[in-house]
Amino acid sequence: MTYPVRAYAAHSPTEPLGLFRFDRRSPRSDDVVIDILYCGVCHSDLHNARNDWGNARYPMVPGHEIIGRVREVGTGVSRFAVGQLVGVGCMVDSCQHCGPCGKGWEQYCEKGATYTYNSKDRVDGTRTQGGYSEAIVVKQDFVLAVPEHLDAAGAAPLLCAGITLYSPLRHWGVGPGKRVAIVGLGGLGHMGLKLAKAMGAQVTLFSRSPGKEADARRLGADRVVISTDPQQMAAVAGQFDLIVDTVPYVHDVNPYVPTLASGGSLVLVGYLGPLDTLNTGPLVVGRKSVAGSLIGGIAETQEMLDFCGQHGITADIERIRIQDINTAYDRLLKADVKYRFVIDMASLKEEAAA
Ligand code: NAP
Ligand code: ZN
C-alpha cells in the first residue's frame, strides 16, 4: 500500500511553489513511516528550488528539517515505535560500506549520500521528495530520536542548521577557553551562537547588519563585530581559534583570515563555488586554514539532538503556513527572518485531500 500525500513543490526555477500530490512508497521492512508535524525552511531549500547549484530536477518537494511522529514501522524496525517523536535531516541513505560511512561520516559517503530530496532512491531509483509534505517514509538507520521534552517546532531546525554548526564546532575542538566566531546571523548562524555558547566557548558574531546586535547577545554572543567596518575588524586581529562562515553567496573571505589566531581555521559551510581570490600569505604565516564542512553524520546528529535535549536548545522560529512559503523565500533572500521559518504542516490539511 502506498501513501498518497499532499505537498508543496517547485515546478521550475522561476515559478512559485504550489500544491503537488504524489505517493510515498509502501514501507520496506527497515522503513519508518512518519507523519510530519513541522519542517524548517533552510536557505539550501531556496538554492535547490531555484536551481542555484545546477542539479535541480522538478517537481521538487524541498525540506530537510523534518519533525514528526511515527505512524507505522516495517517488520524489521527495532529502534522506533509508533507515536515516537522523530526527526529526519538532509540524508535518507548512503552506501553504508565505504571508509567515510564506516567512520559514521555518511555525509561524505564515497558513493554519494542520498539526500532527502532532489536525489535518487538507492533501491528503486525513484526521486526522493522532502519534508514540505504530510508524511515521509525513511530507512530506520537515517531516522533520529528527538527528545520528547523539546518544543517540536523549535527542534525542527536542529536537523540541518543545528548539525551543520555542531559538527565543525566539535571537529575543531570547541570548548571552554576556545574563541569562536560565527559569520552571518541567519538560521545556521543563530544555532552556531547557541551551540558554541553551550559548549563553553567565548563567542563572537560577525554580521553585516547593525540591527542584530541585541539579538546576537541574547542568543549567546559575547561580542558583535560589524564586518563592513574596517576599524572593528582590525580590533579583533589574531583573536579566533575557529570561524564558521554561514554566508550563502560569494563574498570576500580575505578580511576574516587576519582575525584568526595562529593555527586557527576558517570553515565555510555555504556552497559558494569559486572564490575570486584567496590571499595565501596570511595562511602560510600563521599556519591558518580555510576549510569546508557538510552537515554531520547520523550518530553525530543523534549526539547533537541529545546535547540540545540536555541544554534545552531549540531554534528561534517564526511559524508559517505552507501557503506562505513563497513569501518566506522572498524574506530569506533579504535576511529578514528571526531566525528560522518553520512550516506547520497542519496547514496542508486545508488543501483538498488527495
Ligand atoms: P540564512 O538563514 O538566509 O542566513 C544567512 C545569513 O548570511 C544572513 O542572515 C546574513 O546575516 C548573512 N548574509 C551575508 N551576505 C548575505 C547575502 N548576500 N544574502 C543573504 N544573506 C547574507 O541562511 P542559512 O539557512 O543559515 O544557510 C546559510 C548557507 O549555508 C546557505 O548557503 C545554505 O545553503 C548553506 N548550508 C550549508 C549546509 C552544510 O552542510 N554545509 C547546511 C545547511 C545550509 P547578517 O545579516 O548577520 O550578515
Ligand atoms: Zn539545510
Side-chain angles (χ1 to χ4, degrees), residues 39-53 55-56 62-66 87-91 105-108 113 115-118 130-132 156-169 171 181-195 204-217 219 221 224-229 232 244-253 255-256 267-273 291-297 300-301 304 315-318 328-342:
C39 186
V41 179
C42 179
H43 209 109
S44 301
D45 297 346
L46 176 61
H47 289 305
N48 274 307
R50 301 199 172 167
N51 200 20
D52 287 351
W53 297 326
N55 65 345
H64 56 209
E65 294 185 338
I66 299 167
V88 177
C90 301
M91 294 180 288
W105 299 349
E106 297 89 349
Q107 74 276 32
Y108 304 124
Y115 293 109
T116 304
Y117 64 88
N118 198 39
Y132 298 1
L158 302 179
L159 275 306
C160 174
I163 185 59
T164 300
L165 272 291
Y166 185 89
S167 184
L169 294 174
H171 181 79
I182 306 292
V183 185
L185 188 55
L188 269 54
H190 98 290
M191 289 312 309
L193 297 183
K194 290 188 183 205
L195 292 167
T204 296
L205 172 73
F206 285 113
S207 176
R208 313 162 299 173
S209 312
K212 292 182 177 174
E213 275 150 329
D215 276 359
R217 288 181 192 281
L219 294 165
V224 179
V225 175
I226 300 302
S227 54
T228 49
D229 179 340
Q232 289 195 35
V244 185
D245 182 329
T246 74
V247 173
Y249 298 98
V250 172
H251 59 286
D252 188 5
V253 301
Y256 297 103
V267 178
L268 299 162
V269 295
Y271 310 96
L272 305 179
S293 185
L294 178 67
I295 44 175
E300 192 174 43
T301 306
M304 176 275 308
D316 282 28
I317 63 160
E318 183 175 333
Y329 277 11
D330 291 343
R331 287 181 55 194
L332 209 51
L333 277 175
K334 295 184 217 143
D336 172 25
V337 49
K338 291 185 171 175
Y339 279 90
R340 200 58 143 184
F341 293 117
V342 172

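Atoms within a ligand are numbered from 1 in the order they appear, just like the ligands themselves. All residue numbers in this chain count up from 1 along the given sequence.
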Protein residue, atom and distance nearest to [atom], heavy-atom basis:
atom                    : answer
atom 33 (C) of ligand 1 : S44 OG, 3.4 Å
atom 7 (O) of ligand 1  : P248 CD, 3.5 Å
atom 28 (C) of ligand 1 : T246 O, 3.0 Å
atom 15 (N) of ligand 1 : R208 NH1, 3.1 Å
atom 11 (O) of ligand 1 : L185 N, 3.2 Å
atom 37 (C) of ligand 1 : V269 O, 2.9 Å
atom 25 (O) of ligand 1 : R340 NH1, 2.6 Å
atom 3 (O) of ligand 1  : H43 ND1, 2.6 Å

Do [X] and [Y] come close enough that some side-chain heavy atom pair is under 4.5 Å?
X    : Y    : value
P248 : H47  : yes
L158 : M191 : yes
H251 : D245 : yes
N48  : Y117 : yes
Y339 : P157 : no
H64  : V88  : no
L332 : D45  : no
V253 : L268 : yes

Under a heavy-atom criterion of less than 4.0 Å, does H251 contact ligand 1? no

With heavy atoms only and a cut-off of under 4.0 Å, state how [X] meets ligand 1: side chain, backbone, both or neither.
X    : answer
S227 : neither
H47  : side chain
K334 : neither
L294 : both

Residue selection (non-hydrogen contact nearest atom 2 (O) of ligand 1) among A161, G187, G184, C90: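 Looking at heavy atoms only, G187 sits closest to atom 2 (O) of ligand 1.
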
Option whose closest heavy atom lies nearest to atom 20 (C) of ligand 1, chosen from D52, L333, D336: L333

Quick check: H43 with Y249 (ring centres under 6.0 Å apart)? yes

Heavy-atom closest contact (G40 atom, A156 atom, distance):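 Shortest heavy-atom separation between G40 and A156 comes out as N-CB, 4.0 Å.
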
Looking only at distance, does [X] have an N or O less than 3.5 Å from an N or O of ligand 1?
X    : value
W53  : no
Y339 : no
L188 : yes

Please note down the angle at the Zn ion (ligand 2) between SG of C42 and NE2 of H64, to the nearest 10°.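 About 120°, to the nearest ten degrees.
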
Sort out for me which residue in R331, K338, R340 forms a salt bridge (Lys or Arg N to Asp or Glu O under 4.0 Å) with E318.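 Between E318 and the candidates, salt bridge (Lys or Arg N to Asp or Glu O under 4.0 Å) is satisfied uniquely by R331.
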
Interatomic distance, [X] atom [atom1] to [Y] atom [atom2] [nearest 0.5 angstrom]:
X    : Y    : atom1 : atom2 : result
L46  : D52  : CG    : CG    : 6.5 Å
Y329 : K334 : OH    : NZ    : 15.5 Å
S44  : Y271 : OG    : OH    : 6.0 Å

Taking 2.8 Å as the cut-off, does an N/O/S atom of C160 lie below it from the Zn ion (ligand 2)? yes

Which atoms of ligand 1 are found less than 4.0 Å from any heavy atom of [X]?
X    : value
K212 : 9 (O), 11 (O), 45 (P), 46 (O), 47 (O)
C160 : 42 (C), 43 (C)
Y249 : 17 (C), 18 (N), 19 (N)
A335 : 8 (C), 9 (O)

